[in-house]
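Residue numbers run from 1 in the order of the sequence given.
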Amino acid sequence: MLNVVILAAGQGKRMRSDLPKVLHPLAGKPLLAHVLDTAREFPAAKICVVVGRGGEQVRAAFAAPDLAWATQVPQLGTGHAVLQALPQFDAVPMHDAETAGAVPRAPTLILYGDVPLIRAATLRRLIEAAGEGKLALLTAQLDNPHGYGRIVRVDGKVTRIVEEKDADDAERLIHEINTGILVAPGAALARWLPQLGNRNAQGEYYLTDIVALAVAEGMPVVTAHPDAPWETEGINSKAQLAALERIHQRNSAEALMSAGVTLADPARIDVRGELICGRDVSIDVNCVFEGRVVLGDGVRINANCVIQDAVVGAGSIIGPFARLRPGAVLAEDVHVGNFVEVKNSTIAAHSKANHLAYIGDATVGSRVNVGAGTITCNYDGANKHRTVIEDDVFIGSDTQLVAPVTVGRGATLGAGTTLTRDAPPDQLTVSRPKQISIAGWKRPVKQKKA
Ligand code: UD1
Ligand code: CA
(Lines give C-alpha, C1' and ligand atoms only; values in the text may rest on other atoms or scores of the structure.)
(Ligands and ions follow the chains in the order given, each with its own letter.)
Protein backbone atom coordinates (compact mmCIF):
# COMPACT_ATOMS: atom_id res chain seq x y z
CA MET A 1 0.00 0.00 0.00
CA LEU A 2 1.02 3.54 -0.76
CA ASN A 3 -0.12 7.03 0.11
CA VAL A 4 -0.04 9.54 -2.71
CA VAL A 5 0.21 13.32 -2.43
CA ILE A 6 -0.40 15.37 -5.57
CA LEU A 7 0.72 18.99 -5.32
CA ALA A 8 -1.60 21.28 -7.24
CA ALA A 9 -1.67 24.48 -5.21
CA GLY A 10 0.38 26.61 -7.60
CA GLN A 11 -1.69 29.37 -9.18
CA GLY A 12 -0.33 28.98 -12.67
CA LYS A 13 -0.13 32.71 -13.28
CA ARG A 14 1.87 32.22 -16.45
CA MET A 15 -1.06 30.37 -18.03
CA ARG A 16 -2.85 33.76 -18.06
CA SER A 17 -6.18 32.06 -17.63
CA ASP A 18 -9.14 32.04 -15.26
CA LEU A 19 -9.09 28.24 -15.31
CA PRO A 20 -6.96 26.67 -12.53
CA LYS A 21 -3.79 25.32 -14.12
CA VAL A 22 -4.42 21.64 -13.40
CA LEU A 23 -7.81 21.83 -15.14
CA HIS A 24 -6.29 22.80 -18.49
CA PRO A 25 -6.79 19.90 -20.89
CA LEU A 26 -4.03 17.85 -22.44
CA ALA A 27 -5.36 15.38 -25.02
CA GLY A 28 -8.86 16.40 -23.97
CA LYS A 29 -8.31 15.53 -20.31
CA PRO A 30 -7.38 17.87 -17.44
CA LEU A 31 -3.70 17.76 -16.46
CA LEU A 32 -4.63 16.52 -13.00
CA ALA A 33 -6.67 13.66 -14.50
CA HIS A 34 -3.54 12.37 -16.23
CA VAL A 35 -1.68 12.29 -12.92
CA LEU A 36 -4.62 10.71 -11.09
CA ASP A 37 -5.02 8.01 -13.72
CA THR A 38 -1.34 7.12 -13.38
CA ALA A 39 -1.50 7.21 -9.55
CA ARG A 40 -4.51 4.90 -9.62
CA GLU A 41 -2.43 2.21 -11.31
CA PHE A 42 -1.00 1.57 -7.83
CA PRO A 43 -2.98 0.17 -4.93
CA ALA A 44 -3.09 3.39 -2.93
CA ALA A 45 -4.34 3.66 0.63
CA LYS A 46 -5.31 7.20 -0.14
CA ILE A 47 -4.62 9.90 -2.69
CA CYS A 48 -4.56 13.46 -1.37
CA VAL A 49 -4.57 16.44 -3.74
CA VAL A 50 -3.23 19.71 -2.31
CA VAL A 51 -5.01 22.67 -3.89
CA GLY A 52 -4.70 26.41 -3.42
CA ARG A 53 -6.91 29.32 -4.30
CA GLY A 54 -9.63 28.26 -6.74
CA GLY A 55 -9.40 24.79 -5.20
CA GLU A 56 -13.20 24.42 -5.02
CA GLN A 57 -13.33 24.37 -8.81
CA VAL A 58 -10.70 21.62 -8.94
CA ARG A 59 -12.47 19.60 -6.24
CA ALA A 60 -15.79 19.88 -8.02
CA ALA A 61 -14.24 18.59 -11.23
CA PHE A 62 -12.74 15.53 -9.54
CA ALA A 63 -14.98 14.51 -6.66
CA ALA A 64 -14.31 10.78 -6.18
CA PRO A 65 -14.51 8.51 -3.15
CA ASP A 66 -10.83 7.56 -3.27
CA LEU A 67 -9.68 11.19 -3.17
CA ALA A 68 -8.84 13.35 -0.18
CA TRP A 69 -8.25 17.08 -0.39
CA ALA A 70 -6.08 19.56 1.44
CA THR A 71 -5.93 23.30 0.96
CA GLN A 72 -2.72 25.28 1.06
CA VAL A 73 -3.27 29.03 1.35
CA PRO A 74 -0.88 30.80 1.22
CA GLN A 75 1.72 28.74 -0.63
CA LEU A 76 4.83 28.67 1.48
CA GLY A 77 6.74 26.04 -0.47
CA THR A 78 6.66 22.41 -1.50
CA GLY A 79 7.50 21.15 2.02
CA HIS A 80 4.66 23.23 3.47
CA ALA A 81 2.35 21.88 0.76
CA VAL A 82 3.03 18.21 1.60
CA LEU A 83 2.61 19.00 5.31
CA GLN A 84 -0.98 20.11 4.61
CA ALA A 85 -1.76 16.65 3.21
CA LEU A 86 -0.50 14.62 6.15
CA PRO A 87 -3.60 14.89 8.39
CA GLN A 88 -5.60 13.31 5.57
CA PHE A 89 -3.61 10.12 6.00
CA ASP A 90 -4.15 9.78 9.74
CA ALA A 91 -7.51 8.14 9.20
CA VAL A 92 -5.92 5.37 7.17
CA PRO A 93 -6.56 2.09 9.01
CA MET A 94 -3.29 0.55 10.19
CA HIS A 95 -2.58 -3.17 10.06
CA ASP A 96 -2.17 -3.61 13.80
CA ALA A 97 -4.18 -2.03 16.60
CA GLU A 98 -1.05 -0.72 18.32
CA THR A 99 -0.44 1.91 15.68
CA ALA A 100 -4.10 2.67 14.90
CA GLY A 101 -4.63 6.39 14.63
CA ALA A 102 -0.91 7.05 14.47
CA VAL A 103 0.90 8.59 11.52
CA PRO A 104 0.86 6.48 8.41
CA ARG A 105 3.68 4.03 7.94
CA ALA A 106 2.94 3.44 4.28
CA PRO A 107 5.46 4.97 1.89
CA THR A 108 4.24 8.28 0.49
CA LEU A 109 4.62 9.11 -3.19
CA ILE A 110 4.82 12.81 -4.06
CA LEU A 111 3.52 13.79 -7.51
CA TYR A 112 2.68 17.10 -9.20
CA GLY A 113 -0.62 18.07 -10.80
CA ASP A 114 1.20 19.96 -13.54
CA VAL A 115 3.55 17.10 -14.50
CA PRO A 116 1.08 15.06 -16.53
CA LEU A 117 3.18 12.59 -18.54
CA ILE A 118 4.95 10.70 -15.76
CA ARG A 119 4.70 6.99 -16.58
CA ALA A 120 3.60 4.26 -14.19
CA ALA A 121 6.62 2.12 -15.11
CA THR A 122 8.95 4.86 -13.90
CA LEU A 123 7.02 5.29 -10.66
CA ARG A 124 7.10 1.55 -10.11
CA ARG A 125 10.91 1.59 -10.23
CA LEU A 126 10.97 4.49 -7.77
CA ILE A 127 8.55 2.78 -5.39
CA GLU A 128 10.56 -0.44 -5.56
CA ALA A 129 13.78 1.47 -4.89
CA ALA A 130 12.21 3.05 -1.79
CA GLY A 131 10.97 -0.20 -0.33
CA GLU A 132 9.68 0.28 3.21
CA GLY A 133 12.41 2.31 4.84
CA LYS A 134 14.30 4.37 2.24
CA LEU A 135 13.95 7.81 0.75
CA ALA A 136 13.85 7.46 -3.05
CA LEU A 137 14.33 10.43 -5.38
CA LEU A 138 13.52 10.51 -9.07
CA THR A 139 16.49 12.28 -10.62
CA ALA A 140 17.69 12.94 -14.16
CA GLN A 141 20.87 13.97 -15.94
CA LEU A 142 20.21 17.10 -17.97
CA ASP A 143 22.52 18.83 -20.43
CA ASN A 144 21.06 22.10 -19.22
CA PRO A 145 20.17 21.75 -15.54
CA HIS A 146 19.44 25.47 -15.13
CA GLY A 147 16.57 26.24 -12.75
CA TYR A 148 16.38 22.81 -11.15
CA GLY A 149 17.40 21.64 -7.72
CA ARG A 150 20.77 19.81 -7.94
CA ILE A 151 21.53 16.42 -6.42
CA VAL A 152 24.64 16.76 -4.29
CA ARG A 153 26.59 13.53 -3.89
CA VAL A 154 29.62 12.74 -1.77
CA ASP A 155 31.48 9.57 -2.74
CA GLY A 156 28.51 8.71 -4.93
CA LYS A 157 26.02 8.95 -2.05
CA VAL A 158 23.28 11.58 -2.10
CA THR A 159 23.80 14.01 0.77
CA ARG A 160 21.33 16.79 -0.03
CA ILE A 161 19.50 18.76 -2.69
CA VAL A 162 20.41 22.37 -3.32
CA GLU A 163 18.05 24.70 -5.19
CA GLU A 164 19.44 26.69 -8.12
CA LYS A 165 18.95 29.96 -6.24
CA ASP A 166 20.84 28.68 -3.19
CA ALA A 167 23.59 26.87 -5.08
CA ASP A 168 27.22 27.99 -5.26
CA ASP A 169 29.18 27.99 -8.52
CA ALA A 170 30.45 24.43 -8.06
CA GLU A 171 26.97 23.11 -7.27
CA ARG A 172 25.52 24.82 -10.34
CA LEU A 173 27.84 22.66 -12.45
CA ILE A 174 26.04 19.51 -11.28
CA HIS A 175 23.96 18.01 -14.07
CA GLU A 176 21.95 15.56 -11.97
CA ILE A 177 18.69 17.33 -11.13
CA ASN A 178 15.75 16.77 -8.83
CA THR A 179 12.56 16.07 -10.78
CA GLY A 180 10.58 16.71 -7.58
CA ILE A 181 8.95 13.28 -7.59
CA LEU A 182 9.94 11.14 -4.61
CA VAL A 183 8.86 8.37 -2.26
CA ALA A 184 9.42 8.74 1.48
CA PRO A 185 8.46 6.51 4.42
CA GLY A 186 5.22 7.97 5.81
CA ALA A 187 6.28 8.16 9.44
CA ALA A 188 9.58 9.81 8.52
CA LEU A 189 7.80 12.45 6.45
CA ALA A 190 5.56 13.25 9.39
CA ARG A 191 8.69 13.63 11.54
CA TRP A 192 10.67 15.73 9.05
CA LEU A 193 8.17 18.17 7.57
CA PRO A 194 7.46 20.12 10.79
CA GLN A 195 11.24 20.54 11.23
CA LEU A 196 11.76 22.31 7.90
CA GLY A 197 12.88 25.91 8.03
CA ASN A 198 12.57 28.63 5.42
CA ARG A 199 15.94 30.34 5.75
CA ASN A 200 16.87 30.14 2.09
CA ALA A 201 17.01 32.32 -1.00
CA GLN A 202 13.27 32.04 -1.60
CA GLY A 203 12.05 32.10 2.01
CA GLU A 204 10.17 28.84 1.34
CA TYR A 205 9.75 25.56 3.18
CA TYR A 206 11.59 23.30 0.75
CA LEU A 207 10.47 19.68 0.50
CA THR A 208 13.95 19.00 -0.81
CA ASP A 209 15.44 19.70 2.62
CA ILE A 210 14.13 16.33 3.84
CA VAL A 211 17.06 14.74 2.03
CA ALA A 212 19.61 16.20 4.43
CA LEU A 213 17.37 15.18 7.35
CA ALA A 214 17.23 11.60 6.09
CA VAL A 215 21.01 11.52 5.70
CA ALA A 216 21.45 12.91 9.23
CA GLU A 217 19.29 10.08 10.58
CA GLY A 218 21.28 7.52 8.63
CA MET A 219 18.33 6.63 6.41
CA PRO A 220 19.46 5.41 2.98
CA VAL A 221 18.71 7.83 0.13
CA VAL A 222 18.40 6.10 -3.24
CA THR A 223 17.58 7.30 -6.75
CA ALA A 224 15.67 6.11 -9.79
CA HIS A 225 15.43 7.73 -13.22
CA PRO A 226 12.73 8.35 -15.83
CA ASP A 227 13.10 6.71 -19.25
CA ALA A 228 12.38 9.92 -21.12
CA PRO A 229 12.91 13.57 -20.21
CA TRP A 230 9.30 14.57 -21.01
CA GLU A 231 7.99 12.35 -18.22
CA THR A 232 9.01 14.84 -15.57
CA GLU A 233 8.47 18.08 -17.46
CA GLY A 234 6.03 20.46 -15.80
CA ILE A 235 3.63 22.90 -17.40
CA ASN A 236 3.74 26.58 -16.51
CA SER A 237 2.75 28.22 -19.79
CA LYS A 238 0.59 27.65 -22.84
CA ALA A 239 3.73 26.99 -24.86
CA GLN A 240 4.77 24.19 -22.49
CA LEU A 241 1.22 22.83 -22.56
CA ALA A 242 1.35 22.68 -26.36
CA ALA A 243 4.79 21.08 -26.31
CA LEU A 244 3.68 18.26 -23.98
CA GLU A 245 0.45 17.85 -25.99
CA ARG A 246 2.60 17.15 -29.07
CA ILE A 247 4.75 14.65 -27.16
CA HIS A 248 1.65 12.90 -25.86
CA GLN A 249 0.14 12.77 -29.36
CA ARG A 250 3.38 11.42 -30.84
CA ASN A 251 3.42 8.70 -28.17
CA SER A 252 -0.17 7.78 -28.91
CA ALA A 253 0.49 7.74 -32.67
CA GLU A 254 3.47 5.46 -32.10
CA ALA A 255 1.34 3.12 -29.99
CA LEU A 256 -1.27 2.96 -32.76
CA MET A 257 1.37 2.18 -35.39
CA SER A 258 2.91 -0.56 -33.24
CA ALA A 259 -0.57 -2.03 -32.98
CA GLY A 260 -0.70 -2.15 -36.78
CA VAL A 261 -2.65 1.00 -37.64
CA THR A 262 -1.51 2.78 -40.81
CA LEU A 263 -1.14 6.52 -40.26
CA ALA A 264 -0.51 8.75 -43.26
CA ASP A 265 1.41 11.07 -40.95
CA PRO A 266 1.94 10.32 -37.24
CA ALA A 267 2.38 14.07 -36.67
CA ARG A 268 -1.08 14.83 -38.00
CA ILE A 269 -3.48 12.82 -35.85
CA ASP A 270 -4.97 13.88 -32.52
CA VAL A 271 -6.42 11.34 -30.12
CA ARG A 272 -8.22 12.97 -27.21
CA GLY A 273 -9.49 9.87 -25.50
CA GLU A 274 -9.41 6.19 -26.36
CA LEU A 275 -9.06 5.00 -29.95
CA ILE A 276 -9.54 1.25 -30.34
CA CYS A 277 -8.64 -0.14 -33.76
CA GLY A 278 -9.08 -3.51 -35.42
CA ARG A 279 -6.64 -4.93 -37.99
CA ASP A 280 -5.62 -2.99 -41.08
CA VAL A 281 -7.18 0.30 -40.13
CA SER A 282 -5.82 3.27 -42.03
CA ILE A 283 -6.13 6.90 -41.09
CA ASP A 284 -5.29 9.81 -43.37
CA VAL A 285 -4.04 13.21 -42.19
CA ASN A 286 -5.70 15.71 -39.85
CA CYS A 287 -8.20 13.47 -38.10
CA VAL A 288 -9.33 14.16 -34.54
CA PHE A 289 -10.67 11.37 -32.31
CA GLU A 290 -12.44 12.28 -29.08
CA GLY A 291 -13.93 10.22 -26.28
CA ARG A 292 -14.13 6.48 -26.97
CA VAL A 293 -13.94 5.58 -30.63
CA VAL A 294 -13.93 2.03 -31.96
CA LEU A 295 -12.85 1.32 -35.54
CA GLY A 296 -13.42 -2.20 -36.89
CA ASP A 297 -11.11 -4.22 -39.13
CA GLY A 298 -10.18 -2.61 -42.42
CA VAL A 299 -11.80 0.74 -41.66
CA ARG A 300 -10.48 3.65 -43.68
CA ILE A 301 -10.68 7.15 -42.30
CA ASN A 302 -9.95 9.71 -45.00
CA ALA A 303 -8.47 13.14 -44.36
CA ASN A 304 -9.92 15.78 -42.05
CA CYS A 305 -12.51 13.84 -40.07
CA VAL A 306 -13.69 14.56 -36.53
CA ILE A 307 -14.96 11.45 -34.75
CA GLN A 308 -16.27 11.43 -31.18
CA ASP A 309 -17.71 8.57 -29.09
CA ALA A 310 -18.59 6.52 -32.14
CA VAL A 311 -18.35 2.96 -33.40
CA VAL A 312 -17.40 2.23 -37.01
CA GLY A 313 -17.96 -1.27 -38.33
CA ALA A 314 -15.49 -3.33 -40.36
CA GLY A 315 -14.66 -2.20 -43.86
CA SER A 316 -16.40 1.15 -43.53
CA ILE A 317 -15.05 4.26 -45.25
CA ILE A 318 -15.36 7.63 -43.55
CA GLY A 319 -14.59 11.06 -44.99
CA PRO A 320 -12.84 13.07 -46.19
CA PHE A 321 -14.35 15.86 -44.07
CA ALA A 322 -16.88 13.73 -42.19
CA ARG A 323 -18.07 14.28 -38.64
CA LEU A 324 -19.26 11.42 -36.44
CA ARG A 325 -20.71 12.72 -33.20
CA PRO A 326 -21.57 10.86 -29.98
CA GLY A 327 -23.79 7.85 -30.48
CA ALA A 328 -22.95 7.30 -34.13
CA VAL A 329 -22.90 3.51 -34.50
CA LEU A 330 -22.08 2.26 -37.97
CA ALA A 331 -22.20 -1.40 -39.02
CA GLU A 332 -19.94 -3.04 -41.64
CA ASP A 333 -19.24 -1.50 -45.01
CA VAL A 334 -20.93 1.82 -44.36
CA HIS A 335 -19.77 4.82 -46.38
CA VAL A 336 -19.99 8.29 -44.86
CA GLY A 337 -18.55 10.87 -47.19
CA ASN A 338 -17.62 14.53 -47.30
CA PHE A 339 -19.57 17.03 -45.24
CA VAL A 340 -21.78 14.36 -43.72
CA GLU A 341 -22.60 14.63 -40.02
CA VAL A 342 -23.97 11.66 -38.08
CA LYS A 343 -25.20 12.00 -34.48
CA ASN A 344 -26.94 9.54 -32.14
CA SER A 345 -27.84 7.28 -35.04
CA THR A 346 -27.32 3.70 -36.07
CA ILE A 347 -26.58 2.90 -39.68
CA ALA A 348 -26.82 -0.76 -40.68
CA ALA A 349 -24.53 -2.61 -43.07
CA HIS A 350 -23.80 -1.51 -46.65
CA SER A 351 -25.58 1.84 -46.34
CA LYS A 352 -24.15 5.01 -47.85
CA ALA A 353 -24.40 8.72 -47.20
CA ASN A 354 -21.69 10.08 -49.40
CA HIS A 355 -22.26 13.80 -49.66
CA LEU A 356 -23.56 16.77 -47.65
CA ALA A 357 -26.03 15.23 -45.23
CA TYR A 358 -27.18 15.42 -41.61
CA ILE A 359 -28.28 12.17 -40.00
CA GLY A 360 -29.35 12.86 -36.42
CA ASP A 361 -31.43 10.71 -34.05
CA ALA A 362 -32.06 8.21 -36.84
CA THR A 363 -32.22 4.47 -37.24
CA VAL A 364 -31.02 3.63 -40.72
CA GLY A 365 -31.38 0.11 -42.14
CA SER A 366 -29.17 -1.88 -44.50
CA ARG A 367 -28.36 -1.02 -48.10
CA VAL A 368 -29.90 2.42 -47.72
CA ASN A 369 -28.75 5.15 -50.08
CA VAL A 370 -28.94 8.62 -48.57
CA GLY A 371 -28.79 11.20 -51.35
CA ALA A 372 -26.72 14.37 -51.31
CA GLY A 373 -28.19 17.14 -49.21
CA THR A 374 -30.50 14.91 -47.17
CA ILE A 375 -31.37 16.24 -43.73
CA THR A 376 -33.18 14.66 -40.79
CA CYS A 377 -35.11 17.52 -39.21
CA ASN A 378 -34.79 16.03 -35.74
CA TYR A 379 -35.34 19.14 -33.65
CA ASP A 380 -38.59 21.09 -33.51
CA GLY A 381 -37.15 23.82 -31.36
CA ALA A 382 -38.13 22.08 -28.12
CA ASN A 383 -37.74 18.32 -28.52
CA LYS A 384 -35.70 15.83 -30.53
CA HIS A 385 -37.55 13.23 -32.58
CA ARG A 386 -36.43 10.03 -34.32
CA THR A 387 -36.34 9.20 -37.97
CA VAL A 388 -36.57 5.55 -39.00
CA ILE A 389 -35.33 4.55 -42.43
CA GLU A 390 -35.87 0.86 -43.11
CA ASP A 391 -33.76 -1.50 -45.24
CA ASP A 392 -33.26 -0.89 -48.96
CA VAL A 393 -34.62 2.66 -48.94
CA PHE A 394 -33.43 5.09 -51.60
CA ILE A 395 -33.55 8.73 -50.56
CA GLY A 396 -33.29 11.25 -53.39
CA SER A 397 -31.10 14.31 -53.09
CA ASP A 398 -32.12 17.37 -51.09
CA THR A 399 -34.73 15.58 -49.01
CA GLN A 400 -35.88 16.70 -45.59
CA LEU A 401 -37.22 14.06 -43.21
CA VAL A 402 -39.30 15.91 -40.62
CA ALA A 403 -39.16 13.67 -37.56
CA PRO A 404 -40.82 11.73 -36.12
CA VAL A 405 -41.20 9.94 -39.42
CA THR A 406 -40.66 6.44 -40.83
CA VAL A 407 -39.64 5.46 -44.33
CA GLY A 408 -40.87 1.91 -45.04
CA ARG A 409 -38.66 -0.85 -46.38
CA GLY A 410 -37.76 -0.52 -50.03
CA ALA A 411 -39.36 2.93 -50.36
CA THR A 412 -38.00 5.59 -52.70
CA LEU A 413 -38.19 9.27 -51.86
CA GLY A 414 -38.07 11.61 -54.84
CA ALA A 415 -35.43 14.31 -54.88
CA GLY A 416 -36.44 17.48 -53.07
CA THR A 417 -39.10 15.80 -50.95
CA THR A 418 -40.05 17.30 -47.62
CA LEU A 419 -41.36 14.24 -45.81
CA THR A 420 -43.82 15.09 -43.03
CA ARG A 421 -45.77 11.82 -42.91
CA ASP A 422 -44.57 8.19 -43.03
CA ALA A 423 -43.62 6.89 -46.47
CA PRO A 424 -45.11 3.44 -47.24
CA PRO A 425 -42.78 0.58 -48.20
CA ASP A 426 -41.84 -0.10 -51.82
CA GLN A 427 -43.52 3.03 -53.24
CA LEU A 428 -42.21 6.29 -54.63
CA THR A 429 -43.10 9.16 -52.35
CA VAL A 430 -42.45 12.65 -53.62
CA SER A 431 -43.68 15.93 -52.17
CA ARG A 432 -42.52 18.49 -54.66
CA PRO A 433 -45.01 20.23 -56.98
CA LYS A 434 -45.31 18.89 -60.54
CA GLN A 435 -42.82 20.42 -62.95
CA ILE A 436 -44.30 22.92 -65.42
CA SER A 437 -42.87 24.87 -68.36
CA ILE A 438 -44.36 28.17 -69.56
CA ALA A 439 -44.11 28.65 -73.29
CA GLY A 440 -43.44 32.18 -74.51
CA TRP A 441 -42.33 33.44 -71.09
CA LYS A 442 -39.96 36.40 -71.34
CA ARG A 443 -37.19 37.26 -68.94
CA PRO A 444 -37.50 40.76 -67.48
CA VAL A 445 -35.03 43.21 -68.99
CA LYS A 446 -33.42 46.15 -67.20
CA GLN A 447 -35.32 49.43 -67.80
CA LYS A 448 -33.38 52.36 -69.21
CA LYS A 449 -33.23 55.42 -66.91
CA ALA A 450 -35.10 58.40 -68.34
C1 UD1 B 1 10.93 22.24 -7.29
C2 UD1 B 1 12.02 21.59 -6.46
C3 UD1 B 1 13.27 21.49 -7.32
C4 UD1 B 1 13.00 20.70 -8.56
C5 UD1 B 1 11.82 21.29 -9.33
C6 UD1 B 1 11.40 20.38 -10.46
C7 UD1 B 1 11.58 22.29 -4.18
C8 UD1 B 1 11.97 23.22 -3.09
N9 UD1 B 1 12.27 22.42 -5.30
O10 UD1 B 1 11.34 23.53 -7.59
O11 UD1 B 1 14.31 20.87 -6.59
O12 UD1 B 1 14.13 20.66 -9.40
O13 UD1 B 1 10.68 21.45 -8.46
O14 UD1 B 1 10.46 21.04 -11.25
O15 UD1 B 1 10.72 21.46 -4.00
N16 UD1 B 1 3.63 23.86 -5.11
C17 UD1 B 1 2.60 23.87 -4.19
N18 UD1 B 1 2.69 24.69 -3.11
C19 UD1 B 1 3.77 25.49 -2.89
C20 UD1 B 1 4.81 25.47 -3.85
C21 UD1 B 1 4.72 24.63 -4.93
O22 UD1 B 1 1.60 23.18 -4.35
O23 UD1 B 1 3.77 26.18 -1.88
C24 UD1 B 1 3.53 22.99 -6.27
C25 UD1 B 1 3.43 23.78 -7.56
O26 UD1 B 1 2.07 23.95 -7.93
C27 UD1 B 1 4.17 22.91 -8.54
C28 UD1 B 1 5.16 22.15 -7.69
O29 UD1 B 1 4.72 22.25 -6.36
O30 UD1 B 1 3.31 21.97 -9.12
C31 UD1 B 1 6.58 22.63 -7.84
O32 UD1 B 1 6.61 23.97 -7.44
P33 UD1 B 1 7.62 24.99 -8.09
O34 UD1 B 1 7.49 26.29 -7.40
O35 UD1 B 1 7.46 24.96 -9.56
O36 UD1 B 1 9.00 24.30 -7.69
P37 UD1 B 1 10.41 24.69 -8.18
O38 UD1 B 1 10.82 25.96 -7.54
O39 UD1 B 1 10.47 24.63 -9.64
CA1 CA C 1 -36.04 21.42 -51.05
ask   = Judged by modelled atom types alone, do His146 and Glu164 share a side-chain donor-acceptor pair under 3.5 Å?
value = yes

query = Any side-chain heavy atom of Cys305 sitting closer than 4.5 Å to one from Leu324?
reply = no

Lys343 vs Asp361, salt bridge (charged side-chain N to carboxylate O under 4.0 Å, His left out): CA-CA, chis, key distance, verdict = CA-CA 6 Å; Lys343 183 215 79 171; Asp361 301 302; 3.0 Å; yes

ask   = Got a donor-acceptor contact below 3.5 angstrom from the Thr376 side chain to the Asn378 backbone?
value = no

task = Give a yes or no on whether the backbone of Gln400 and the side-chain of Thr418 come within a donor-acceptor separation of less than 3.5 Å.
result = no

query = Counting only heavy atoms not in Asp227, do more than 12 fall under 6.0 Å of its CG?
reply = yes

ask   = Looking just at side-chain N and O atoms, do Ser316 and His335 make a donor-acceptor pair shorter than 3.5 Å?
value = no

inquiry  = What I'd like to find out is whether the side chain of Leu241 reaches to under 4.5 Å of the side chain of Met15, using heavy atoms alone.
reply    = yes

inquiry  = Surrounding CZ of Arg292 (heavy atoms of other residues, nucleotides or ligands, distance under 6.0 Å), is the total greater than 12?
reply    = no

task = Give a yes or no answer on whether the side chain of Gln249 reaches the backbone of Val271 with a donor-acceptor pair at less than 3.5 Å.
result = yes

key: Presence of salt bridge, Lys21 and Asp114, under 4.0 angstrom   = yes

query = Taking the six-membered ring for Trp, are His34 and His248 parallel (under 30°), tilted (30 to 60°) or perpendicular (over 60°)?
reply = perpendicular

request  = Might you point out which heavy atoms bring Val368 and Ser351 nearest each other, and give the distance in Å?
outcome  = N-OG, 2.8 Å

inquiry  = Is it the case that over 12 heavy atoms from other parts of the model lie below 6.0 angstrom from the CZ atom of Arg279?
reply    = no

